[in-house]
Amino acid sequence: MGYLDNSTITVDAILTKKGRQKLAQGQSLNITKFALGDDEIDYQLYEPAHPKGSTAADSAILALPITQASPDETQVLRYKILTLPKGSTKIPTVNIGTTAISSYQSDGGTSLSPQTNPTGNSSAGYTAVLADQRAGTLQVTEATTGGTTIPVFLGEDVTSTAQVVTGKKFTFTPNPKLTTDVATTITVYGNETGGSVSIPVTITYKATV
Amino acid sequence: MALINDLNITSQIAALANSGQVDTNQIVSLLNSALPAGQQIANSTGGVTTGVFKRFGDFDQVKAKIEVVTTGLWSGDNGVLTTFFTASAQDDNWDATIKSTQYYLNVYEYNPQLSSSAEINFAVAYGHYHGSGSRDYSNQDTLVATKGTYFQYKSMLLEYGETKFSFNNSVGTTTDSNDIYIINVDRGRFRESMDPGNWQLSLSGSNGLFHFIDDSDKKFSDTAGKAGRVFNVVSGSLNLGTENLATVKATTDATTGLGFGKFYPDRGIIILNPKAVGSMIGTVKSTGGASLGNLSGSLSTAAEQYNHKRLLYAISGGYDGGVDEGGFMARRTENVSTQHFFVRATNREFNYSNNPTYVNTDGTFVETSFNTDPYTYVTTVGLYNDSNELVAVAKTSQPIPKSFDKEILIKVKLSF
């Protein structure tokens, strides 16, 4: 008669900088949901042809020592584990129909119509982040029905320079008052699936006669 | 099955259904408001929802739990301090030009000149009601540090109207004391409170090695004054390592009949009565063997007497290599607010990953066997608020495999 395995999974959480900031401001943490991440896992370590057989396919992954949690909310949970229907053969990927935006400051707007392949984000929509709002303006041309927010927390250093909007479709309009070239990015996150796509944005200043 | 005969509830459900937009959570909430505990319906948010987030159910969170956490008081959370150093910049030659030396001495566990990791653990000081032990006003440069120190701690610790520190005596009353020794624990070390009933100070002198504890008997006292709870310092032993409770050997000094001092756990301060401890301990020697005089202190006002130096050497001499429970043992205690979250991933949840090594650019899986039997490996749990702000994060000690034939339950403890 052996002993029962009494190991239980109990972990200690630490507050992120955002969490500490909220407590310092006298606010409640108001935790309502969780997400799971696999930031440190490289799935190339999964070896179905392991010489010990299929049961050992993930032995290299399971043996990984895990580093301690970082309080920087922008550096953890970068890759989230998600729930999809059984039998899914694809992770929903976000596509916005263009791979780059390159225009002059006086040009008109560019439509951004995010799509999720094969499906997803139809209800909560997308969050578009223009990293440097000097480059122009993002406008929501089709709003979501319910209030949704971005599935990743953007650090204060990002949100201080970025424009963040939530919706189903967007238009990017260059800043006509620009007097110098600006290169930045637009990143669109799927609010339900967590997937994202990022494209470069280059606005070139052209002097008007 | 449970029957609901509450017309108010059923009419609200009907109104919700007729609104054209049915929120299942609202329906569940309405039903649960009429159902007794044990028959309530799990919130739909606990069900399977495509996406990266899962909401906690009503029973997945244990909030506002207060836990009492005790840890060692000294650097590195050690419970026993056996080495005692002062900063030479403050200590060298007991130079009267270094003003802080006249008031107090910071005590480190390592030599701060040699170790950058040396931390201040506590300070020792001496105070006298009339300024004895400091130069008097015949010297115009005097700071009358001992008087300043006495009145400073009087203001902090005594009630308004109390003029002097007063200690128990052998006849059951109290005796005022003109002088005091102060052991002031660094704020960062005791944090919220020293742990009553769990400290033991060893003092050594010509009469031998003696231990001092408080008389709390590991209970909380009803005596709470201006400085919080107050206990008496007594001669005794914690009896660590035995099944015996702390034992009090004497509440007063046998010769003088005076009490040994007061302990203010919430201020991290121990006040010692120099006459009582001096009578018991006797003469104190420096590490070089030179006599520093009786621990009761010198009352001379011709020059700075640095009586707190005598206390320091009585403390440092109190560690005898562990033969007789020497050293300065102490713990701190904190009330830590904790929340527990039960993170449940059912068999149908969290089996796919956005990890770039998991997925090709077209969304297909890098590992083709995942088409039929997907696996993920959980290393991180993120706790979010409704604004999707990550307010707390936890890491697992090793990757936890998750698949359609596995469920995981992770208990996340958040303390702050």
> Between A:K22 and B:V391, does a side-chain contact (heavy atoms from CB on, under 4.5 Å) hold up when you go through it step by step?
Replying inline: CA-CA 8 Å; A:K22 286 194 165 293; B:V391 293; 4.1 Å; yes
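Residues forming a ring-ring contact (aromatic ring centres under 6.0 Å, His included) with B:F190 (at least two apart in sequence, or on another chain): none. Checked against salt bridge (Lys or Arg N to Asp or Glu O under 4.0 Å), B:E367 has no partners two or more places apart in sequence or in another chain.
Of the listed residues (A:N95, A:T93, A:I91), the greatest number of heavy-atom pairs within a distance under 4.5 Å of chain B belongs to A:I91. Counting heavy-atom pairs under 4.5 Å between each of B:T396, B:V359, B:V412 and chain A puts B:V412 at the top. For the set A:G19, A:G87, A:P92, A:G37, the entry with the most heavy-atom pairs within less than 4.5 Å of chain B is A:G37. Of the residues considered (A:L29, A:D42, A:I66), A:I66 shows the highest number of contacts with chain B, using heavy-atom pairs under 4.5 Å. Highest contact tally toward chain A, considering only B:A394, B:G363, B:P374, is held by B:G363 [criterion: heavy-atom pairs under 4.5 Å]. Looking only at heavy-atom pairs under 4.5 Å with chain A, the residue among B:S397, B:S415, B:G382 that has the most is B:G382. Counting heavy-atom pairs closer than 4.5 Å to chain B, the top-ranked of the candidates A:P118, A:P85, A:S70, A:G120 is A:P85. The residue among A:A63, A:P65, A:S28, A:A69 with the most heavy atom pairs within less than 4.5 Å of chain B is A:A69. Between chain B and the options A:L23, A:D39, A:V11, A:I61, the largest number of non-hydrogen pairs under 4.5 Å is found for A:V11.
Pairing each heavy atom of A:K33 with each of B:R55, the nearest pair is CB-CA, 3.7 Å. Residues A:T67 and B:K395 share a closest heavy-atom pair of O-NZ, 3.1 Å. Heavy atoms only, all atoms of each residue included: A:A13 and B:A392 are closest at CB-CB, 4.4 Å. Summarising the geometry of A:L36 relative to B:A345, their closest heavy-atom pair is CD1-CB, 4.3 Å, with the distance given to 0.1 Å. The two atoms that bring A:T193 and B:V52 nearest to each other are O-CG1, 3.2 Å, heavy atoms only. Between A:L62 and B:P401, the shortest heavy-atom contact is CD2-CD, 3.7 Å.
Remark: of the listed residues A:L77, A:I31, A:N30, A:L77 is the sole one forming a side chain to side chain contact (heavy atoms under 4.5 Å, CB included) with B:Y384.
To the nearest 0.5 Å, the span separating OG1 on A:T83 from OH on B:Y352 amounts to 10.0 Å. Here the NZ-CG distance, from A:K18 to B:L390, works out to 11.0 Å after rounding to the nearest 0.5 Å. Atom NZ of B:K411 is separated from atom CG of A:D12 by 9.5 Å, given to the nearest 0.5 angstrom.
Only the backbone of B:L409 comes within contact range of chain A, with heavy atoms under 4.5 Å apart. For B:T361, the part lying near chain A is the backbone, with the side chain staying farther off; criterion is any non-hydrogen pair under 4.5 Å. Residue A:S196 does not touch chain B at all, counting heavy-atom pairs closer than 4.5 Å. Residue A:T32 touches chain B through both its backbone and its side chain, counting heavy-atom pairs closer than 4.5 Å.
In this structure, the side chain of B:N355 engages the main chain of A:I41 through a donor-acceptor pair within 3.5 Å. Side-chain N or O atoms of A:K86 include none that pairs as donor or acceptor with a backbone N or O of B:R348 at under 3.5 Å. Between the side chain of B:T357 and the backbone N or O of A:Y43 there is at least one donor-acceptor pair closer than 3.5 Å.
Few gaps surround CD on A:Q25; more than 12 heavy atoms of other groups in view lie less than 6.0 Å from it. Heavy atoms of other residues, nucleotides or ligands lying less than 6.0 angstrom from NZ of A:K169 number 12 at most. More than 12 heavy atoms of other residues, nucleotides or ligands shown are found within 6.0 angstrom of CD on B:E407.
A donor-acceptor contact closer than 3.5 angstrom is absent between the side chains of B:T376 and A:D38. Judged purely by distance below 3.5 Å, without hydrogens or angles, the side chains of A:D58 and B:Y375 never pair a donor atom with an acceptor atom.
Two rings, from B:F350 and A:F34, have their centers less than 6.0 Å apart. Aromatic rings of B:Y358 and A:Y79 (six-membered ring for Trp) have centroids beyond the 6.0 Å cut-off, not under it.
The aromatic rings of B:Y377 and A:Y46 are tilted relative to each other, their planes meeting at an angle between 30° and 60°.
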